[in-house]
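Naming: A, B, ... by sequence-line order, numbering from 1 per chain.
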Amino acid sequence: MDDIFSGLFQKTFKKKGSSLILLTGDHGMKDTGGHGGSSYAEVHVPLVILGISCRNDSIEQVDVAANLAILLNLDIPSSSIGKLNRNFLNDLTLQQYLSALSYNSKVLGAKNTLCHDEFLLASNFHKTYLHTGDITMASKAIKLFEKCSAELNDVLIKSSVKQNFLSMIVSVIFVVYAFIISLTNFEILGKHIYPYFIYIILLLIRCFFDEYYVLFFGISVIFIQLIGTLKTLNISEYCNSDNTINTILFFQPFTWLSSSFIEEEQEYWYFSLNSFLVFQLIKSVKLQKPEFIKHWLLIAAFFRFSQTLNQTGDKWSAVPDSSDFLMKSENYFIYVVFVAISVISIYLTCFYDYHSYFTFFDILILIVIYAFKINMFNPIFLARTVYLLIATSLIINKHFINFWILLVCLVSKSHNLCLISMAIYTSRRIIEEYDTSTVTIVAHLILGKSLFFMQGNGNSLSNVDVSVGYIGLNSFQPILVGIQLLVNIYSLTILMHLLLINAYYFEKRRNILKVLYVDRLYSMLVCCLVSFIFRSHISVWTIYAPKLFIEFFHTVILFLEVVVYYLVLFLRGSRKSNLKSSEL
Amino acid sequence: MEKLWKGVIFAIQMLVVLYVISVLLGAPFISNFEQTFMFSCILTVLAVVPVILYLEIDDIFQLLDVVTQPPKDSLHNMIILQFEITLLGAWLGAVPIPLDWNREWQIWPTTCVLGTFCGYFIANIVSYGIQSTNIFSRYRKSHRFKNVL
């Protein structure tokens, strides 16, 4: 680090002209390695400035942006709440410093009217100084500006870290409530729904009034409800399974207690999935079944490869991945062959493994999708054609999984197409081996989670690639772009859910939905608790808040799945009697 | 002499198998060949070689059979326990790698090698304890993997 920095320094300062080097970090570090706490070493960050003359001082982290903007002659960011520091801006003349102060106070004053009069007075002093050149006026103005900026800065910092403590508690209790309710019974519109209305009303009241007793009343109502349900709670029904694989799902949310395991959540899922597949491999070696060994070796090797397909997370996000390799223009031939193999394998797995009747019409759609993926023809026209064809196929065949597979083929990035066929293939192998036991459910869930990350998604909003939302569009249409984006992000997770549900007979499907729902709620619950515990953690806004947001989206998507499922059932209600198990 | 030769061949086979398994579990395929190879060497020496020497096993099917069946005597018990705990240590050794502490030891395969050594160490202490006190003599009768594998 020192060598790199000295090299950088010498290179920069050899050249003529003014340079400014600022060396700092977003957080400090304990000697033992962690940085999530609030000890002195963790919240104090070194700041080294080279290139200007300035005096030793310590400044607030929020002040850096404002001071730097002045030094670099840029606009102060409109969201800045920092104050200027004379020791930092030592190079500025009195007049420059005064106008910088006046500028910054305008930025601050736009957020709060606290020191409005003082600022006016100070600007008057400033004007007088500019007209008469009176130094005493200038120093008066500086004093006033600095004092008011400091006050405003203080108020703004406090309001930016203000948290609605009671609302958080009530919300956490409500998630616990929902979790316990869902363990006991799962009536879509049962009597247990009323506390949710109370909750919504409470939140509304909380928005308009600041009355704490309303919240205490709400909490007591929920507690009474909770005690009522606890009597009927039958935990043993869900704990009697002796499969160690359940532990993977049970334990996973607790890894979020370390912020690194939120940033690198994919590592947990990849490692669990790999361990499961290696276990399957060893098991088939033990049973001496060559065809099983072949299957599981292929699956394990493939998923090991797909983990390098899209690099996600934070620590290794800069490492070049396989999709970068495929996207290079000199590898175009490999890319075309790779996509062709993916598309053909989708057809083959659908045909042989999943026994769906892929009609010629569906094959035609696959060919058009392939043409679209390798940019053969006008892409916007092709994409719209495919949408039309898929819709027609759904209306003719009424086969929901085929529809979803084709839709995912269209919306996924082209190098991710290989994941679809492998997901179906693996799902088939799991169901073949475990039939309808707990292992099937858990393995599908792990696979769904891993595929979510293999597609390149992550627990950071910066991972979202908006370009996939523009398929068949040539302008920004928020709703269509949003829908395509969501379909792309959740495509394979939903596909795994569909395959899982499809493996069960009609009467059991409701239970599967319930298991999915309970699992989702469990993650949500632990995520809420973890964010609540770490509400004053140093990276609450960069890690925990986005994670909570993403968990919320997972839940919304699952809710939509359930709604669509019941909607389809409702629409088919008239011919429910001849519903086959292969149909959804 | 022939037995020794068979044992050596089997150890080399296991080396390759362990290399493949560690790649399947997430180790780099080619780029860190030396490190991954050394790691599988260490695993072979600490976990597999004792099994070959004491239990005279020269076949992977035999090995899996022995590992998953209830032990015959206390020596058998000790060796298998050592095999399992050493592999478990190597497996758990991967846990600290994703943490963002930016330490130089947080790379493949340092933590896994350390985990292997810890597992071996713990396994030796535990088997000494079992051997000297004999309180766990019935411990392995209800074997964990019997139903699963």
Note to self: B:Leu64 vs A:Lys283, test: side chain to side chain contact (heavy atoms under 4.5 Å, CB included). Steps then yes/no.
What the structure shows: CA-CA 9 Å; B:Leu64 285 173; A:Lys283 188 180 164 186; over 6 Å; no
Need one label for [X]: side chain, backbone, both or neither, based on atoms under 4.5 Å from any heavy atom in chain B.
X        : answer
A:Ser258 : side chain
A:Leu273 : neither
A:Val278 : side chain
A:Leu297 : side chain

Notebook entry, point to check: Quick check: does any side chain N or O of A:Arg304 sit under 3.5 Å from a backbone N or O of B:Leu25, one acting as donor and the other as acceptor?
Noted result: no
Donor-acceptor contacts under 3.5 Å from residues 12-22 of chain B side chains, at least two apart:
{"residue": "B:Tyr19", "atom": "OH", "partner": "B:Phe29", "partner atom": "O", "Å": "2.8"}
{"residue": "B:Ser22", "atom": "OG", "partner": "B:Leu18", "partner atom": "O", "Å": "2.8"}
{"residue": "B:Ser22", "atom": "OG", "partner": "B:Tyr19", "partner atom": "O", "Å": "2.9"}

Notebook entry, point to check: What is the distance from atom NZ of A:Lys286 to atom CZ of B:Phe61, rounded to the nearest 0.5 Å?
Noted result: 11.0 Å
Checklist line | Inter-residue atom distance B:Leu24.CG - A:Phe303.CZ, 0.5 Å rounding | finding: 12.5 Å
Are there over 12 heavy-atom neighbours, none belonging to [X], within less than 6.0 Å of that residue's [atom1]?
X        : atom1 : answer
A:Phe305 : CZ    : yes
B:Glu2   : CD    : no
A:Ile4   : CD1   : no

Notebook entry, point to check: For chain B, which residues from residues 264-272 of chain A have at least one heavy atom closer than 4.5 Å to it?
Noted result: A:Glu264, A:Glu267, A:Phe271
Next item on the list: Answer with side chain, backbone, both or neither: which region of B:Leu63 has an atom nearer than 4.5 Å to a non-hydrogen atom of chain A?
Entry: neither
Next item on the list: Side chain from CB out, backbone as N, CA, C, O: work out which of these in B:Pro28 comes under 4.5 Å of a heavy atom of chain A, or both, or neither.
Entry: backbone
Using residues 37-49 of chain B as the side-chain source, report each donor-acceptor pair under 3.5 Å to any protein atom, sequence neighbours left out, with the distance given to one decimal.
{"residue": "B:Ser40", "atom": "OG", "partner": "B:Thr36", "partner atom": "O", "Å": "2.8"}
{"residue": "B:Ser40", "atom": "OG", "partner": "B:Phe37", "partner atom": "O", "Å": "3.1"}
{"residue": "B:Thr44", "atom": "OG1", "partner": "B:Ser40", "partner atom": "O", "Å": "2.5"}

Margin query: According to ring pair (Phe, Tyr, Trp, His ring centres under 6.0 Å), who are the partners of B:Phe117, at least two apart in sequence or on a separate chain?
Written below: none
Check: At their closest point, which heavy atom of A:Trp316 faces which heavy atom of B:Pro98, and how far apart are they?
Finding: CH2-CA, 3.8 Å
